[in-house]
Structure formats: C-alpha cells, structure tokens
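Worksheet: one structure, shown below.
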Amino acid sequence: MDLRPTGAAGLSTTPLGLGLAAVGRPAYITPGRDADLGGDRSEEALEAAAHAVLDAAYDRGVRYLDAARSYGRAEAFLASWLAEGAPGDVTVASKWGYRYTGQWRLDAEVHEVKDHGVDALRRQLAETRGLLGDALDVYQIHSATLDTGVLADRAVLAELAELSASGVTVGFTTSGPRQAATIREGLAAEVDGVNPFGLVQATWNLLEPSAGPALAEVADAGWVVVVKEALANGRLAGPATGPLAEVAARRDATPDAVAIAAALAQPWSAVALSGAVTPSQLTSNAAAVDLGLDGDDLAALGGLAEDPEAYWRARSARAWT
C-alpha cells in the first residue's frame, strides 16, 4: 500500500487502517472473541495480541492506526508498540469523549461512559499526550451526536481550534441513524469564524450506507473520510449468503475483503478501518485493497442495505463478550 496525501490537511494515509477497539479491552461487541483471543484476557495477553496484529498490519503496508481513550488500554498498547520500533511513517489517531469503566471485566454492567464537556476534553487530551506524546496526528470527538450539543459547544470548539492550529488534524466520529445530520452539523460548525474539523470517521457498510451522501459533501469540502465498522461488527465477515457470497465467489475473495472493498470503492472514502484482532484476520482484510470491485459488483451488493433505525437497534442489542 502506498502512502498518499488526503484531504486539505495533507495527511499521509493508506487506504486500509487498523482500529484497536476490539483488542484494547477484554470485552467488545464483535462475535467469536473466544476463538480469536482465547481464554486469557489479561492485560499482558491483550498487549501481545495488539502487538501481533500491529506487526501484521505494518508488514502489510497499513500506516493509519486508530485508538481511543475508551478502548481500555489501546493507547498504551499502541504506545508500547511504537516504542519498540518507532516507525516514523504511521499516522496515529485517537479520540476523546468516552472513558473506559469496564474495570477489565467481561461482565461489567457499563463498559464506557460518554462525557463531551470541555473539562473531559482537556483531561483526556492530557492523558492521550501522556501516552502517545508527539506521535498523535489525529484527535477526534468520540461519537459526536446531536443530542450532546458538542458540535455547537463554543468552549470545546475553541480548544479544538487551538489543537488544530498546533498541527494536529481534528475530527469527530459518528454513530446512530442520524449520522448524516451530525456530519452536516460538523461541516457548519465554527468558533470565531474557524471550523476546526478536517476529518470525520463514520460507520458505512453494505448494511448501513445511509451516511454516504453527507460523507460525499465533507469530502468535497476537503475533509478526510475514514470508514469504521465496514464489516458491521462481524456481520459481514462470513460465512456469507446472497449477493455478498456471489460477489465473493466471482472475485475469488473472502466476504470480509469484498465488504471492505465496497467501502474503499466509494469515491469519498480515504481510509477504511480493519478491526482485526489476529494477524490472519488482518491479512484477509488487507486483500480488499487490490480487489477493485466494478459497477456490477457494487450494484449487486447495494441490495443488502437495511433500514438504519433497525440496523442501529440491532447493534445496540449486541452483547459484550
């Protein structure tokens, strides 16, 4: 994978990135974690798993790495991996707005808590800087939504504008059936005539593509668009049936590679994140970069889209395992 400048900020990215949501903490909502991670979910075991998938990603050419304060020890695991080899050509992204509350338990009643206030931003940015230091390239509001008002909070926007002026690309991530409205609110946000944002990370996949038109708008404005959950938290990873299986068979590819390739085929998409937790998953995901789906493939896959409200209700009901 070649590094390429993307967006007005001039970030150098690769089309495939690696998100650490599923490997930084013992519990997450993707299925098959017992098979992927085994019975040992200690910090030491997960750090080793994180380093293994980071090694595999780097060897495959992946240079965009995404963590968050709420991903358990993900930032710390990324920091220790960077300290081992200190590659200078990676783009490091993280997020603030949630804090991890799972206490390293699979059966925690609450795994993360949202706080979009300016005090949380200041505190969590300091924590992120304490772990990642000057390696931090991208800092995002974690799951900005219309109901928290964070995209209209002048104190938050002023802090983010200052961070942007220091050279860090500032962005936000979105979730839920109103992603498009949230993205458009971020596009219109400003403080003292400045919009601090240059990147958005949104859920887009074959089951939930509703944010696509809004993502095209921000890409036209020069923002970097990062796709998360391209595999719908494992639902598109296989075994597949219907159009996904047919396209995978025609392309001699795995369903996960086809699903990620569909995200990369969107003209506004700069980076699609892999959520792999094992080297073999990362290798399978990475095949998407060279798949090159055509119009017939994408037309066939377009029929998989679900009602956004139903999609997000089902996602909310998934168990943490």
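Below, all heavy atoms of this structure are taken into account, side chains as well, without hydrogens, waters or symmetry copies. Quick caveat: nothing in here was measured; it's all calculated off a predicted structure.
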Please check if the side chain of [X] supplies one atom and the backbone of [Y] the other of a donor-acceptor pair under 3.5 Å.
| X | Y | value |
| --- | --- | --- |
| Glu112 | Gly102 | no |
| Ser164 | Leu160 | no |
| Arg73 | Gly24 | no |
| Glu159 | Ala155 | no |
| Arg41 | Leu37 | no |
| Arg33 | Pro26 | yes |

task: Decide yes or no on side chain to side chain contact (heavy atoms under 4.5 Å, CB included) for Leu54 and Phe77, but give the supporting numbers first.
output: CA-CA 10 Å; Leu54 283 162; Phe77 296 164; 5.7 Å; no
Does the side chain of [Y] come within less than 4.5 Å of [X]'s, by heavy atoms?
| X | Y | result |
| --- | --- | --- |
| Leu106 | Thr321 | no |
| Trp223 | Thr169 | no |
| Leu132 | Leu82 | yes |
| Leu215 | Val200 | yes |
| Gln281 | Asp36 | yes |
| Tyr98 | Arg69 | no |
| Leu199 | Val138 | yes |
| Asn285 | Leu18 | no |

Minimum-distance pair of heavy atoms, taken over all atoms of [X] and [Y]:
| X | Y | value |
| --- | --- | --- |
| Ser269 | Leu264 | OG-CA, 4.0 Å |
| Val150 | Ala144 | CG1-CB, 3.9 Å |
| Leu151 | Gly186 | CD1-N, 3.8 Å |
| Val227 | Ala263 | CG1-CB, 4.1 Å |
| Ala270 | Val224 | CB-CG1, 3.9 Å |
| Ile183 | Ala211 | CD1-CB, 4.2 Å |

Charged N to carboxylate O under 4.0 angstrom, [X] versus [Y]?
| X | Y | answer |
| --- | --- | --- |
| Glu306 | Arg235 | yes |
| Lys228 | Asp66 | no |
| Arg178 | Asp147 | no |
| Glu208 | Arg315 | no |

For [X], does the [atom1] atom sit with more than 12 other heavy atoms under 6.0 Å from it, leaving out its own atoms?
| X | atom1 | result |
| --- | --- | --- |
| Arg60 | CZ | no |
| Glu162 | CD | no |
| Asp89 | CG | yes |
| Asp107 | CG | yes |

Nearest 0.5 angstrom please: [X] [atom1] to [Y] [atom2], how far?
| X | Y | atom1 | atom2 | answer |
| --- | --- | --- | --- | --- |
| Gln124 | Arg129 | CD | CZ | 14.5 Å |
| Leu236 | Ile260 | CG | CD1 | 9.5 Å |
| Arg25 | Ser70 | CZ | OG | 5.5 Å |
| Thr203 | Glu229 | OG1 | CD | 3.5 Å |

Quick one: do [X] and [Y] end up in the same hydrophobic cluster if we chain Ile, Leu, Val, Met, Phe, Trp and Tyr together by side-chain heavy atoms under 4.5 Å apart?
| X | Y | result |
| --- | --- | --- |
| Leu20 | Trp104 | yes |
| Leu293 | Leu207 | yes |
| Leu298 | Trp268 | yes |
| Leu11 | Val271 | yes |
| Val191 | Leu187 | yes |

- prompt: Who pairs with Asp294 by side chain to side chain donor-acceptor pair (under 3.5 Å), at least two apart in sequence or on another chain?
  reply: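 Side chain to side chain donor-acceptor pair (under 3.5 Å) check on Asp294 returns Arg251.
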- prompt: Between His142 and Tyr71, is the gap from one ring center to the other below 6.0 Å?
  reply: yes
message: side chain to side chain contact (heavy atoms under 4.5 Å, CB included) for Asn205 and Tyr311? Distances and angles first, verdict last.
response: CA-CA 11 Å; Asn205 58 58; Tyr311 174 91; 3.0 Å; yes
task: Answer yes or no on whether Arg63 is positioned over the face of Tyr58, meaning its NZ or CZ is under 6.0 Å from the six-membered ring centre and within 45° of the axis.
output: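 Yes, Arg63 and Tyr58 form such a contact.
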With distance as the sole criterion, is a donor-acceptor pair present between the side chains of [X] and [Y] under 3.5 Å?
| X | Y | value |
| --- | --- | --- |
| Asp137 | Tyr64 | no |
| Asn233 | Thr30 | no |
| Thr128 | Glu75 | yes |
| Thr182 | Thr145 | no |
| Gln201 | Thr173 | no |
| Ser80 | Glu47 | yes |

field: side chain to side chain donor-acceptor pair (under 3.5 Å) between Asp115 and Trp96, worked out
entry: CA-CA 9 Å; Asp115 184 349; Trp96 73 276; over 6 Å; no
- prompt: With sequence neighbours left out, what residues match Pro243 under side chain to side chain contact (heavy atoms under 4.5 Å, CB included)?
  reply: Leu304
- prompt: How would you list, by chain and number, every residue that makes a side chain to side chain contact (heavy atoms under 4.5 Å, CB included) with Asp307, sequence neighbours excluded?
  reply: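 Expected list: Glu309, Ala310.
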task: Check the pair Thr101, His111 against side chain to side chain donor-acceptor pair (under 3.5 Å), reporting the backbone distance first and the verdict last.
output: CA-CA 5 Å; Thr101 59; His111 293 272; over 6 Å; no
task: Could you walk me through whether Thr254 and Ser284 pass the side chain to side chain donor-acceptor pair (under 3.5 Å) test, one step at a time?
output: CA-CA 7 Å; Thr254 55; Ser284 184; 3.1 Å; yes
task: Give the C-alpha distance, both sets of side-chain angles, the deciding distance and a yes or no for side chain to side chain contact (heavy atoms under 4.5 Å, CB included) between Leu78 and Leu131.
output: CA-CA 9 Å; Leu78 178 54; Leu131 289 166; over 6 Å; no
message: Quick one, Leu146 with Glu185, criterion side chain to side chain contact (heavy atoms under 4.5 Å, CB included). Give me CA distance, side-chain angles, the key distance, then yes/no.
response: CA-CA 8 Å; Leu146 300 177; Glu185 180 164 304; 3.3 Å; yes
query: Where does the angle between the aromatic ring planes of Phe172 and Phe197 fall among parallel (under 30°), tilted (30 to 60°) and perpendicular (over 60°)?
result: perpendicular
